[in-house]
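Have a look at the structure below before the remarks.
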Amino acid sequence: MKRIKPTYDFNANDIALTNFSMGETITYAQLAIGISNIHKILYYNNVGKGDHILLVNDGTPEWVTRLAGIVTYGAVAVIIPNNLSSYERTDIITREGIREDIDLSDKSGKNTTHEAVDIDIFKFTLNDEIIIDYTYNEFGFLSPSRTKVYEFMQLAEDIKRRYMKIRHSRMPSMLLANRECMNAKEILASLSIGSHITLAGTHPTSGALLRCLKKCRPHFVYLDTKTAENMIRERVFPIMKDPDMKHYMNSSHARRTMLKQVRKRMLFALGGCILIVSVTGGRFSPEVEQFLQKIEFPYIFM
């Protein structure tokens with residue numbers, strides 16, 4: 001359960017979050033201050049362990065700070081998309097027993113002069129819920145994904161284990177881009193091992209995404225299906241369907257060689273340090289999935 005402890009053990013000057021579209025960065029020291037402020041707000045609103053707190057997922061560094069603050073305080077973050085209808089929002093609030101009278105953006109004086117509440121993390125049990133994440137599934141229905149302590153710990157260890165398989169000179173770097181919302185569990189688990197997370201925004205163009213990838217050179221990339229498929233169709237397929245390329249691919253040996261080069265160039269375009277690309281939001285179209293399997297591209301569906 002120590003993985004839920006805020007980021008005191010990491011270098012204060014290490015970058016925790018980057019908002020690529022805004023050109024903003026937050027260090028682990030700044031993140032710790034933000035978490036402390038959230039603790040104070042929750043304390044002054046008499047929030048207790050296990051209380052459900054509503055959090056709108058807008059994919060910003062402020063949202064990440066509030067998420068980390070809620071969970072490390074001992075409350076449960078109930079996350080909703082930022083495009084919910086009033087009926088859907090009211091339904092979730094009623095169903096989850098959420099308090100609506102808490103303004104997590106409150107920056108009044110009382111929330112900056114009081115010491116943060118010290119939550120005893122050893123009071124958590126492995127089956128305690130920490131995140132309830134409402135997202136739209138592939139059929140367009142709103143459904144919750146509930147994360148318990150042991151699931152969170154398993155994910156953090158899995159990310160660390162995958163990274164440690166290959167020797168690197170820097171801490172894990174992760175990029176998250178999604179048309180609908182960011183994956184709260186992935187973000188929190190990544191921060192728990194000291195990663196540098198880059199937020200590419202909720203509607204990145206393929207060009208902006210490639211510029212972001214080249215700059216941050218992530219080890220792990222998290223994309224939704226639509227974003228990933230659009231990038232492949234706009235940036236890769238036109239090359240594959242070039243008349244000269246089709247003629248060259250008539251030979252089986254040349255085809256295998258070319259596919260290896262395509263895979264290599266794709267990994268280089270993604271920053272050159274990719275270990276795995278995690279995809280959310282359903283499967284690819286048959287054409288795209290067949291292509292990725294043919295070149296043995298490292299991706300998994302979440």
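As a basis for the values below, the full set of heavy atoms in this structure was taken, side chains included, without hydrogen atoms, waters or symmetry mates.
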Count the heavy atoms of every other residue, nucleotide or ligand shown that sit under 6.0 Å from CZ of R265, and state whether that count exceeds 12. no
Side chains of L54 and R89, heavy atoms from C-beta outward: is any pair under 4.5 Å? yes
How about I187 and W63: do any of their side-chain heavy atoms sit closer than 4.5 Å? yes
Does a side-chain heavy-atom distance below 4.5 Å link R235 with N230? no
Heavy-atom donor-acceptor pair, T94 side chain to T90 backbone, under 3.5 Å: yes
The single option from I274, L270, T198 passing side chain to side chain contact (heavy atoms under 4.5 Å, CB included) against P218: I274
Looking at E96, is its backbone amide N or carbonyl O close enough to the side chain of H52 to form a donor-acceptor pair, meaning the two atoms are under 3.5 Å apart? yes
Measure the CG-SG distance between L213 and C273 for me, rounded to the nearest 0.5 Å. 11.0 Å
Any Lys/Arg nitrogen of D128 or K49 sitting under 4.0 Å from an Asp/Glu carboxylate oxygen of the other? yes
Short question: side chain of N37, backbone of G34 - any donor-acceptor pair under 3.5 Å? no
Salt-bridge criterion met for R146 and E129 (N-O under 4.0 Å): yes
Atom of F220, atom of L275 and distance for their closest heavy-atom approach: CZ-CD1, 3.9 Å
d(L209 CG, F20 CZ) to nearest 0.5 Å is 9.0 Å
Mind running side chain to side chain contact (heavy atoms under 4.5 Å, CB included) on I41 and D103 for me, showing each step along the way? CA-CA 8 Å; I41 293 172; D103 180 10; over 6 Å; no
Do the non-hydrogen side-chain atoms of P81 and L142 ever get within less than 4.5 Å of each other? yes
Heavy-atom pair of closest approach, residues A200 and C212: CB-SG, 4.1 Å
Are F141 and Y87 linked, directly or through other ILVMFWY residues, by side chains that come within less than 4.5 angstrom of each other? no
List the atom of I79, the atom of I131, and the distance in Å for their closest heavy-atom pair. CD1-CG2, 3.7 Å
Run the side chain to side chain contact (heavy atoms under 4.5 Å, CB included) test on R263 and F268 for me, step by step, so that the C-alpha distance in whole Å, both residues' side-chain angles and the decisive distance to 0.1 Å come before the verdict. CA-CA 9 Å; R263 180 183 186 275; F268 179 77; over 6 Å; no
Separation between CG of D224 and CD of E229, rounded to the nearest 0.5 Å: 10.5 Å
With hydrophobic residues grouped by side-chain heavy-atom distances under 4.5 Å, do F237 and L210 end up in a single group? yes
For T72 and H39 the tightest heavy-atom approach is OG1-NE2, 2.8 Å
Quick check on the 6.0 Å ring-centre criterion: do F297 and F291 meet it? no
Heavy-atom pair of closest approach, residues A228 and L223: CB-CD1, 3.9 Å
Drop me the distance from I132's CD1 to I53's CD1, to the nearest 0.5 angstrom. 11.0 Å
Go through V149 and N127 one step at a time and tell me if the side chain to side chain contact (heavy atoms under 4.5 Å, CB included) criterion holds. CA-CA 6 Å; V149 169; N127 287 313; over 6 Å; no
Could you tell me whether the side chain of K214 reaches within less than 4.5 Å of the side chain of R211, counting heavy atoms only? no
Donor-acceptor pair, distance only, cut-off 3.5 Å: does the side chain of N45 make one with the backbone of V47? no
Quick one: does L188's side chain get under 4.5 Å of V71's, heavy atoms only? yes
Run the numbers on F152 and E157 for side chain to side chain contact (heavy atoms under 4.5 Å, CB included), then give the verdict. CA-CA 9 Å; F152 169 81; E157 288 297 334; over 6 Å; no
Is there a donor-acceptor pair closer than 3.5 Å between any side-chain N or O of E88 and the backbone N or O of S85? yes
When rounded to the nearest 0.5 angstrom, what is the spacing between CD1 in I130 and CE in M153? 10.0 Å
In this structure, which one of I232, V277, V236 forms a side chain to side chain contact (heavy atoms under 4.5 Å, CB included) with L292? I232
Measure from the side-chain N and O atoms of E234 to the backbone N and O of M231, and report whether any donor-acceptor pair falls under 3.5 Å. no
Smallest separation among heavy atoms of I35 and A68, with atom names: CD1-CB, 3.8 Å
For R233 and S285, which I'm curious about, is there any donor-acceptor pair between the side chains at under 3.5 Å? yes
Before accepting this row, confirm whether a basic side-chain N of the pair R66/E62 lies closer than 4.0 Å to the acidic partner's carboxylate O. no
Atom CG in L67, atom CG in L55: separation rounded to 0.5 Å? 6.0 Å
Side-chain touch L175/Y222, heavy atoms, less than 4.5 angstrom: no
Would you say the side chain of T27 lies within less than 4.5 Å of the side chain of L31, judging by non-hydrogen atoms? no
Do R283 and E289 meet the salt-bridge criterion of a basic N to acidic O distance under 4.0 Å? yes
When the ring centroid of F284 is compared with that of F301, is the distance short of 6.0 Å? yes
